[in-house]
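In what follows, chains carry the letters A, B, and so on, assigned in the order in which the sequence lines appear, proteins first and then strands, with residues in each chain numbered from 1. Because only heavy atoms are used, hydrogens play no part in the values below, and waters and symmetry mates are left out as well, while side chains stay in.
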Number of protein chains: 2
Amino acid sequence: MKTKIKEYRAKNNMTQLELAKEVGVRRETISFLEKGEYNPSLKLATKIARQFHVSIEELFIFEDSDLD
Amino acid sequence: MKTKIKEYRAKNNMTQLELAKEVGVRRETISFLEKGEYNPSLKLATKIARQFHVSIEELFIFEDSDLD
DNA sequence: TCCTAACGTTAGAAATATATAACATTACGT
DNA sequence: ACGTAATGTTATATATTTCTAACGTTAGGA
């Protein structure tokens with residue numbers, strides 16, 4: 001899975017810690033997410049997408065090969 | 001969280017078991033999901049949305065109160 | 001250079017999604 | 001009414017996300 005979290009964070013001049021607080025998780029969670037190291041819950045994905053006013057699909061990109 | 005999985009399953013004449021097999025989970029998982037009893041992984045949500053050719057946001061509806 | 005903020009990363013605990021197996025119930029066709 | 005498919009539901013096990021605490025690295029400002 002790829003994600004544009006880092007890009008949108010930059011656009012909004014936001015640090016990992018700030019984003020983490022906004023969406024109620026730890027900074028490390030954001031760090032791992034940005035690296036695509038895990039597959040967030042839909043709830044967390046929804047919170048982050050809303051934070052940036054974008055769709056989930058815009059923020060998280062799944063290749064077909066990611067869906068096995 | 002609310003979901004339209006059941007509706008889309010009906011539209012497509014699909015049983016829980018068939019959907020479960022398509023997206024690679026157990027029938028019970030679909031059953032619990034349809035009842036909004038838990039919060040799927042983004043990967044699973046993506047698979048189900050693609051199965052029905054709809055967006056994740058169309059299929060899974062979060063009220064603000066669901067996001068606490 | 002020193003200090004600090006931001007980010008990377010690791011290891012283990014805690015929480016929760018999902019699997020598994022089993023049984024109950026509902027609905028529908030014959 | 002019977003048989004069967006579809007769904008509901010429970011309990012326990014397993015897998016994975018997320019938390020927590022800690023330490024390392026990098027970049028920038030004073």
Side-chain angles (χ1 to χ4, degrees):
Chain A
M1 186 212 66
K2 288 187 179 175
T3 175
K4 295 185 185 166
I5 296 178
K6 197 168 192 168
E7 293 175 38
Y8 277 99
R9 214 167 36 76
K11 258 184 221 172
N12 291 62
N13 267 358
M14 230 183 187
T15 151
Q16 286 183 346
L17 182 58
E18 286 167 344
L19 175 57
K21 281 184 178 168
E22 285 290 336
V23 302
V25 295
R26 296 221 122 214
R27 177 186 64 79
E28 296 88 337
T29 300
I30 302 296
S31 181
F32 286 132
L33 271 179
E34 288 187 352
K35 290 172 44 197
E37 291 210 354
Y38 53 60
N39 177 22
S41 69
L42 180 57
K43 185 172 165 181
L44 176 53
T46 298
K47 280 182 175 177
I48 300 176
R50 289 195 184 175
Q51 176 69 35
F52 295 131
H53 307 99
V54 296
S55 71
I56 293 177
E57 284 89 348
E58 162 64 17
L59 203 50
F60 298 94
I61 295 96
F62 283 89
E63 311 272 346
D64 290 341
S65 61
D66 294 324
L67 297 176
D68 299 333
Chain B
M1 186 212 67
K2 287 186 180 176
T3 175
K4 296 184 184 166
I5 296 177
K6 198 168 190 167
E7 293 176 38
Y8 278 98
R9 213 167 37 75
K11 259 184 219 170
N12 290 64
N13 267 356
M14 229 182 187
T15 156
Q16 286 183 345
L17 182 58
E18 286 166 343
L19 175 58
K21 282 183 178 169
E22 285 290 337
V23 301
V25 295
R26 295 223 122 213
R27 177 186 64 81
E28 294 89 336
T29 300
I30 301 295
S31 180
F32 287 132
L33 270 180
E34 289 187 352
K35 290 172 45 198
E37 291 210 356
Y38 53 58
N39 178 22
S41 69
L42 180 56
K43 185 172 165 181
L44 176 53
T46 298
K47 280 181 175 178
I48 300 175
R50 289 196 184 175
Q51 176 70 35
F52 295 131
H53 306 100
V54 297
S55 72
I56 293 177
E57 283 89 349
E58 161 65 17
L59 202 51
F60 298 93
I61 294 97
F62 284 89
E63 312 272 345
D64 290 342
S65 61
D66 294 323
L67 296 177
D68 298 333

(message) For the CD1 atom of A:I56 and the CD atom of B:E57, what is their distance to the nearest 0.5 Å?
(response) 4.0 Å
(request) Check whether any side-chain nitrogen or oxygen of B:K43 sits under 4.0 Å from OP1 or OP2 of D:dT17, and answer yes or no. (result) no
(request) State which residue, out of A:R9, A:K6, A:K2, fulfils the side-chain hydrogen bond (donor to acceptor under 3.5 Å, both in side chains) condition with A:E34. (result) A:R9
(request) Ignoring backbone atoms, test whether A:S41 places a side-chain nitrogen or oxygen under 4.0 Å from the OP1 or OP2 oxygen of C:dA17. (result) no
(message) Over all strands shown, is A:T29 touching base, sugar-phosphate only, or nothing at heavy-atom distances under 4.0 angstrom?
(response) sugar-phosphate
(message) For a quick check of understanding: with a heavy-atom distance under 4.0 Å over all strands, which category does B:T15 fall into, base, sugar-phosphate or nothing?
(response) sugar-phosphate
(request) May I have the distance from B:I48 (atom CD1) to C:dA17 (atom C1'), rounded to whole angstrom? (result) 13 Å
(message) Measure CG/A:L17 against P/D:dA21 and give the value in whole Å, please.
(response) 15 Å
(message) How long is the straight-line distance from CG of B:L33 back to CZ of B:F60, given to the nearest 0.5 Å?
(response) 6.0 Å
(message) What is the separation between atom CG on A:L33 and atom C1' on D:dT16, rounded to the nearest whole Å?
(response) 13 Å
(message) Pick the closest DNA chain C nucleotide for B:N39 and for A:Q16 by heavy atoms, then say which residue is nearer the 5' end.
(response) A:Q16
(request) Report yes or no: is the cationic atom of A:K35 (NZ for Lys, CZ for Arg) under 6.0 Å from the centre of the six-membered ring of A:F32, at an angle within 45° of the ring normal? (result) no
(request) Quickly work out the A:N13 CG to C:dA5 P distance and round it to whole Å. (result) 17 Å
(message) Quick check on C:dT20: is either OP1 or OP2 less than 4.0 Å from any side-chain nitrogen or oxygen of B:R26?
(response) yes
(message) How many whole angstroms separate atom OH of B:Y38 from atom P of D:dT18?
(response) 15 Å
(request) Taking only the side-chain heavy atoms of B:R27 (C-beta and beyond), determine which of C:dT18, C:dG8, D:dT7 contains the nearest atom. (result) D:dT7
(request) Return the value, rounded to whole Å, for the distance between atom CG of A:L19 and atom P of D:dT18. (result) 13 Å
(request) Using the rule that two of Ile, Leu, Val, Met, Phe, Trp, Tyr join whenever any of their side-chain heavy atoms come within less than 4.5 Å, decide whether A:V25 and A:F52 are in one cluster. (result) yes
(request) Let me know the distance between CZ of A:R9 and C1' of C:dG8, rounded to the nearest Å. (result) 12 Å
(request) May I ask you to verify if any side-chain N or O of B:K35 is less than 4.0 angstrom from the OP1 or OP2 atom of D:dT7? (result) no
(request) When you get a sec, tell me which of C:dA22, C:dG8, C:dT10 is the closest nucleotide to the side chain of A:E34? (result) C:dG8
(request) Report yes if a donor N or O on one partner sits less than 3.5 Å from an acceptor N or O on the other, where the partners are the side chain of B:E28 and the base of C:dA21; otherwise report no. (result) yes
(request) Return the value, rounded to whole Å, for the distance between atom CZ of A:F32 and atom C1' of D:dT18. (result) 10 Å
(message) If you only use heavy atoms from C-beta on, which nucleotide in C:dT9, C:dA19, C:dA22 is closest to the side chain of A:S31?
(response) C:dT9
(message) Once you apply a heavy-atom cut-off of 4.0 Å, does A:K6 come out as touching a base, just sugar-phosphate, or nothing?
(response) sugar-phosphate
